[in-house]
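Treat the numbers as computed from the prediction; the structure is a model and nothing was measured. Hydrogens, waters and symmetry mates are skipped; everything else that's a heavy atom, side chains included, is used. In what follows, chains carry the letters A, B, and so on, assigned in the order in which the sequence lines appear, proteins first and then strands, with residues in each chain numbered from 1.
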Amino acid sequence: MTDTTANQDNSHDLYAVRLQKLENLCKEDRNPFLANCAQTHTSAEAIKLYQEGSADEDQPRVAIAGRITVFRVMGKASFIKIQDRDGPIQCYVTRDELPEGEYNTYFKKLDLGDIIGVEGRLFKTKTGEITVRAECYTLVSKALRPLPEKWAGLTDDDKIYRQRYLDLIVNAESRQRFRQRSQIIKEMRKYLWERDFTEVETPMLQSVAGGAAARPFITHSNALDCQFYMRIALELYLKRMLVAGEDRVFEIGRVFRNEGLSRRHNPEFTMLELYQAYTDFRGMMELTQGLIQHVAKTVIGSLEIARPDGVVINLDGEWREAKYKDLIIEATGDAEWFTHDRGTKLEKARALNIEVNGELEDYEITNNVFEKIIEPTLIQPTFVTHIPRELCPLAKITQDDETTIDVFELCINGQEIAPAYSEQNDPIIQRKMFADQVGEEQQDMDTDFLNALEHGMPPAGGMGLGIDRLIILLTGAESIRDTILFPSLKPLNPSES
RNA sequence: GGGCCGUUAGCUCAAUCGGUAGAGCAGUUGACUUUUAAUCAAUUGGUUCGGGGUUCAAGUCCCCGACGGCCUACCA
């Protein structure tokens, strides 16, 4: 029979070639997309099963399944590698061990990227690689598009983010990083569950987006006919749980901030927030240090983390504690810094080559000094304490210093990883702090939260941890986009894609 | 939002002063029963991100736009 496409050479059209193969399979009643396939072992499990010293015929038989990533046909025998969730495993396929005609007519027409199942006994090749000798194979799922190039892989950032599945197929480090992300979150939960914390879920759609000062995403409920904000923090609902009598609560979840993107910022990111009654920010210090050390130990296997540039971050031992004021005085070399008026501070900050907006408040100028010349130098873990009260309206004021709050900012790797407070539980002071803020930051006041506080909230410590940033630190990633599977990107114009 | 850089075959990359768009891998055809980036032979494949301009001639120069990266701003 004459195929209409036979006259044209579309061997260059990788998609058309594979589509043709697919059609041919269908014509021969071979389903190229099976509903299931038996898999007795993963690649790693199978390799572990190999019995050193036993004869080939006594080796265990396995059924494995995965995507073809290497395809080396050598006449009547082929070596292929198939990759499953544990990684690659080699298979050896020969013409004479498959049913008559199968090898030449079908097996050799498989493509890189196809998903197949293979059954057979293990053996070791001349060069010592544990391999499955195929007794039979099954095409499970045909791939119509080619994989990225086999050793340069996929390097285009845009493609890596937009088609993360390709990145994960091809780049083992990427796969490893996201596995670690999952492990890190799992170990966090375990650590907190062991300390009797209850995991809760609070609203992402909120009528007042409180707990931070970021711009929210706005959405609308048709049924309730009202405006909602996507949450920018977990704080105010978790504190309601303290009022409710849940003395130890935490939530791990996505928050959304309608702000700029950068190597350290994604519009949606993942926070851990936890609140523990009858402790304070000192208790949070212990808990936070313990949590991060536990995660590093169990997931990374070490408390010494080497950054891509070789700098080693040591998470072991007691972490450094430093007062905000002392750091400012040290960095500016000006013991009188806090006695200067706003204008002098502005001048002095600019003299230090810090770009400062002239409109800023007094304390904001100082905080610019902190963020621009101190924070980047805090590579080893440092709890920065005694932070000016203006910087956070939700914390307790230090007993013997009216100007500061009982807070720490944990900085590691030159960035803020986790802030924690002794939580403000005085509804009168809280209302006043909100009112002072509402004017300048244009935040709505969450009156129901204040109402909750008026019912009495136990003294508590609270902590928030940016999980994505912790993962940057622990896995040596360069960018927050390397820690988020599908980072926010501008959609492509459909006509161009 | 501002500045700089980038976008060439499915993937990774070349292309001199503005002068015929190339290579490796992948694909196709053939050889090959222990390969390891398999090898050997042959071979297909281009809207050079899109649009406009300058020029005898544009991947290359100019303008506009799209997307991305880095820096910066915003994100207490």
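- Between A:Thr94 and B:rU33 there is no side-chain polar atom (N or O) within less than 4.0 angstrom of OP1 or OP2.
- Nucleotide B:rA66 holds its P atom 16 Å from the CG atom of A:Leu489, rounded to whole Å.
- A close approach under 4.0 Å does not occur between any side-chain nitrogen or oxygen of A:Arg145 and OP1 or OP2 of B:rA26.
- Within the 4.0 Å cut-off from OP1 or OP2 of B:rC49, not a single side-chain nitrogen or oxygen of A:Lys159 is found.
- Each of A:Ser262 and A:Arg481 was assigned the nucleotide of RNA chain B with the nearest heavy atom; the assignment lying further toward the 5' end belongs to A:Arg481.
- B:rU54 and B:rU12 are spaced 35 Å apart, taking the P atom of each and rounding to whole Å.
- Judged purely by atom type and a 3.5 angstrom limit, A:Asp111 has no side-chain atom pairing as donor or acceptor with the backbone of A:Leu144.
- Annotation for A:Met284 and A:Met463: closest pair SD-CB, 3.8 Å, computed over non-hydrogen atoms.
- Rounded to a whole Å, the NE2 atom of A:His265 is 12 Å from the C1' atom of B:rA76.
- Look at the P atom in both B:rU8 and B:rC61: the space between them is 16 Å, to the nearest Å.
- Residue contacts shown for A:Leu147 are absent, as no nucleic acid heavy atom lies under 4.0 Å away.
- Here the side chain of A:Arg67 pairs a donor or acceptor atom with the backbone of A:Gly113 at under 3.5 angstrom.
- Proximity of A:Lys490 to the phosphate of B:rG68: no side-chain N or O atom is located under 4.0 Å from OP1 or OP2.
- No hydrogens or angles were tested; on distance alone, nothing pairs the side chain of A:Glu129 with the base of B:rU34 as donor and acceptor under 3.5 Å.
- A donor-acceptor pair is defined here as one N or O able to donate and one able to accept, closer than 3.5 Å; such a pair exists between the side chain of A:Arg240 and the backbone of A:Leu236.
- Figure legend: cation-pi geometry between A:Arg431 and A:Phe434 absent, as NZ or CZ is not positioned both under 6.0 Å from the six-membered ring centre and within 45° of its axis.
- Dashed line: the shortest gap from a side-chain N or O of A:Lys76 to OP1 or OP2 of B:rU33 is under 4.0 Å.
- In this structure, of B:rU35, B:rC25, B:rG68, it is B:rC25 that holds the atom nearest to the side chain of A:Lys150.
- Here, B:rC32 and B:rG68 have their C1' atoms 45 Å apart, quoted to the whole Å.
- Atom name P, nucleotides B:rA58 and B:rC11: the rounded distance is 27 Å, in whole Å.
- Atom CD of A:Gln20 and atom P of B:rG27 are 17 Å apart (whole Å).
- Summary of the strand contacts: A:Asp111 and A:Tyr421 both lie near RNA chain B, and taking for each the nucleotide with the nearest heavy atom, the more 5' one is attributed to A:Asp111.
- Nucleotides B:rA76 and B:rC63 have their C1' atoms positioned 43 Å apart, rounded to a whole Å.
- At whole-Å resolution of the value, CD in A:Glu355 and P in B:rG3 are 14 Å apart.
- Taking the six-membered ring for Trp and the full ring otherwise, A:Tyr363 and A:Phe370 have centroids separated by 6.0 Å or more.
- For the C1' atoms, the distance from B:rG45 to B:rA23 is 14 Å, rounded to whole Å.
- Going from the C1' atom of B:rA57 to that of B:rC70 covers 36 Å, rounded to whole Å.
- Nucleic acid contact for A:Tyr15: none, since no nucleic acid atom lies under 4.0 Å from a heavy atom of the residue.
- Nucleotides B:rU7 and B:rA14 are separated by 15 Å at their C1' atoms, to the nearest Å.
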